[in-house]
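To start, the structure itself, in structure tokens.
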Amino acid sequence: MALAPSGGPVVAEVEMNAGADLGATTVRATVVQASTVFYDTPATLDKAEKLIAEAAGYGSQLVLFPEVFVGGYPHGSTFGLTIGSRSAKGKEDFRKYHAAAIDVPGPEVSRLAALAGKYKVFLVMGVVERAGYTLYNTVLSFDSLGKYLGKHRKLMPTALERVFWGFGDGSTIPVYDTPLGKIGSVICWENRMPLLRTAMYAKGVEIYCAPTADVLPSWQASMTHIALEGGCFVLTANQFCRRKDYPPPPEYTFGGLDEEPSPDTAVCVGGSSIISPSGTVLAGPNYEGEALLTADLDLGEIVRAKFDFDVVGHYARPEVLSLNVKTEPRHAVSFTG
């Protein structure tokens with residue numbers, strides 16, 4: 001779905017499952033597929049407000065944004081890294097990336113909370129969190145009254161992400177009990193970690209948010225599996241961005257390619273979708289452009305799915321298999337009086 005002409009909606013909207021049983025407890029949810037304004041956090045927040053407003057105009061009660069929408073996913077960047085050395089330009093790239101990140105709490109968090117309250121939506125937003133000089137891949141959650149609820153930090157950054165993002169711990173894997181249902185978030189390839197998924201199921205997650213940067217066909221298979229395994233609705237949001245959404249060379253260069261991409265080359269093609277507890281795709285996957293994808297979630301489907309398979313209930317065998325989750329914060333330095 002391409003950008004609409006100037007003056008129209010920010011993006012086209014895709015709505016499926018409009019025939020859901022509205023007599024049951026139903027939640028209208030939207031996943032946002034759009035690009036960061038890279039290195040420009042104020043502009044990214046302005047764009048986020050337009051997208052939230054449009055989703056709210058469709059009656060959405062829950063809005064999910066992609067992984068690190070605020071701060072950006074550094075597609076193609078190597079940060080000047082080779083084994084044993086780091087380049088001066090790579091260090092400068094990290095300085096600029098660090099400057100575009102946000103403090104939690106901080107003014108950007110306050111603005112996001114205000115937007116959730118203004119548009120009366122439960123907001124799930126991927127951000128690059130700055131904690132001193134370390135960055136984290138983080139998801140922030142806000143309720144429809146404009147209250148900041150908390151955060152989830154990605155436990156295990158993937159591949160080269162481990163160079164520029166720190167590791168989360170068990171203190172930030174929340175599931176929020178809300179009027180819309182129990183909502184939690186797991187980021188990108190964390191979703192391949194079966195023990196983390198099991199922890200989320202044990203916390204009762206009903207609306208499972210999976211912001212991502214993965215565009216592989218296998219991602220959709222993972223999302224369908226999680227919906228079936230957890231007996232939950234799965235919402236996954238990815239960016240759709242082109243080379244021109246990043247600064248031009250030589251300020252920003254794409255590594256690992258034979259030649260510099262053209263401005264209109266898609267460097268992330270989306271694939272956002274919404275999947276029901278029965279494995280039915282309610283919206284998406286969309287690979288065409290920036291879009292809002294909306295579906296009505298009949299929460300009665302969760303109960304019907306759990307009748308067949310409750311992974312941490314009647315289908316569990318705790319006398320054979322069990323999981324211990326350490327939820328205390330992990331600190332490099334502790335002070336005692």
*Are V303 and F233 co-members of a hydrophobic cluster defined by side-chain heavy atoms under 4.5 Å apart?*
no

*Chi angles and distances behind the side chain to side chain donor-acceptor pair (under 3.5 Å) call for Y73, E161*: CA-CA 10 Å; Y73 192 89; E161 292 175 358; 2.6 Å; yes

*asked:* Could you check whether any side-chain heavy atom of V104 comes within less than 4.5 Å of a side-chain heavy atom of Y148, counting everything from C-beta outward?
replied: yes

_Test of ring centre spacing under 6.0 Å for F309 and F307_ = no

*Spatial distance of atom OG1 (T26) from atom CG (D296) [nearest 0.5 Å]*: 6.5 Å

*Are L228 and M223 grouped together when hydrophobic residues (ILVMFWY) are joined by side-chain heavy atoms under 4.5 angstrom apart?*
no

_Grouping I, L, V, M, F, W and Y whenever their side-chain heavy atoms are under 4.5 Å apart, do V127 and L115 come out in a common cluster?_
yes

*Do Y97 and Y39 have their ring centres less than 6.0 Å from each other?*
no

*Could you tell me whether R95 and E92 have a side-chain N and a carboxylate O separated by less than 4.0 Å?*
yes

*List the steps and the verdict of side chain to side chain donor-acceptor pair (under 3.5 Å) for T82 and S85.*
CA-CA 5 Å; T82 55; S85 67; 2.7 Å; yes

*Report the C-alpha distance between E319 and R317 in whole Å, list the side-chain angles of each, state the deciding distance to 0.1 Å, and finish with yes or no for salt bridge (Lys or Arg N to Asp or Glu O under 4.0 Å).*
CA-CA 5 Å; E319 75 280 15; R317 287 292 304 277; 2.3 Å; yes

*asked:* Measuring only between side-chain heavy atoms, which start at C-beta, is F240 closer than 4.5 Å to C268?
replied: no

*Do the non-hydrogen side-chain atoms of W165 and V128 ever get within less than 4.5 Å of each other?*
yes

*Should the ring pair Y208 and Y201 be called parallel, tilted or perpendicular, given that the plane angle runs from 0 to 90° and is split at 30 and 60?*
tilted

*Would you call V205 and I183 a side-chain contact if the rule is heavy atoms closer than 4.5 Å?*
no

*Check whether any side-chain heavy atom of L112 sits under 4.5 Å from a side-chain heavy atom of L45, and report yes or no.*
yes

*asked:* Please determine whether a side-chain nitrogen of the Lys or Arg among R330 and E328 lies less than 4.0 Å from a carboxylate oxygen of the Asp or Glu.
replied: yes

*Check whether the ring centres of F94 and F164 lie less than 6.0 Å apart, and answer yes or no.*
no

*Flag the pair K50 and D46 as a salt bridge only when some basic side-chain nitrogen lies within less than 4.0 angstrom of an acidic carboxylate oxygen.*
no

*Interatomic distance, S60 atom OG to I52 atom CD1 [nearest 0.5 angstrom]*: 11.0 Å

*asked:* Let's go through T236 and S272 carefully: what are the C-alpha distance in whole Å and the side-chain angles of both, what is the deciding distance for side chain to side chain donor-acceptor pair (under 3.5 Å) to 0.1 Å, and is it a yes or a no?
replied: CA-CA 5 Å; T236 182; S272 303; over 6 Å; no

*Within-4.5 Å side-chain heavy-atom neighbours: T198 and V312*: yes

_Can you classify the ring geometry of Y246 versus Y252 as parallel (below 30°), tilted (30 to 60°) or perpendicular (above 60°)?_
tilted

*asked:* Walk me through whether D93 and R86 qualify under salt bridge (Lys or Arg N to Asp or Glu O under 4.0 Å).
replied: CA-CA 11 Å; D93 289 344; R86 288 149 299 280; over 6 Å; no

*asked:* Would you compute the distance between atom CG of D177 and atom NZ of K203 and round it to the nearest 0.5 angstrom?
replied: 12.5 Å

*CD of E54 to OG1 of T294: how many Å apart, nearest 0.5 Å?*
9.0 Å

*asked:* Distance check, rounded to the nearest 0.5 Å: M156 atom CE versus F167 atom CZ?
replied: 4.5 Å

*I would like to know whether R243 and D264 meet salt bridge (Lys or Arg N to Asp or Glu O under 4.0 Å); could you show each step before the answer?*
CA-CA 6 Å; R243 174 63 183 92; D264 288 324; over 6 Å; no

*Linking I/L/V/M/F/W/Y whenever any side-chain heavy atoms sit under 4.5 Å apart, do M193 and V311 land together?*
yes

*asked:* Tell me whether K96 is salt-bridged to E251, with the criterion being a basic N under 4.0 Å from an acidic carboxylate O.
replied: yes

*For residues T265 and S262, is any side-chain donor paired with an opposing acceptor at under 3.5 Å?*
yes

*asked:* Looking only at the side chains, is there a donor atom on one of N238 and Q33 sitting less than 3.5 Å from an acceptor on the other?
replied: no

*Distance in Å, F254 CZ paired with E260 CD, rounded so as to fall on 0.5 Å steps*: 7.0 Å

*Under 4.5 Å between any side-chain heavy atoms of L196 and V186, yes or no?*
yes

*Does the side chain to side chain donor-acceptor pair (under 3.5 Å) test come out yes or no for D169 and S171, once each step is laid out?*
CA-CA 6 Å; D169 62 33; S171 69; 2.5 Å; yes

*SB check D298 R304 (cutoff 4.0 Å)*: yes

*In terms of hydrophobic clustering (I, L, V, M, F, W, Y; side-chain heavy atoms under 4.5 Å; direct or indirect links), are V68 and V37 co-clustered?*
no

*Is any side-chain heavy atom of L282 closer than 4.5 Å to a side-chain heavy atom of L297?*
yes

*With L64, which of V124, I274, L293, V139 fulfils side-chain contact (heavy atoms from CB on, under 4.5 Å)?*
V124

*Determine, stepwise, if the pair K47 / E49 fulfils salt bridge (Lys or Arg N to Asp or Glu O under 4.0 Å).*
CA-CA 5 Å; K47 182 173 183 177; E49 178 167 9; over 6 Å; no

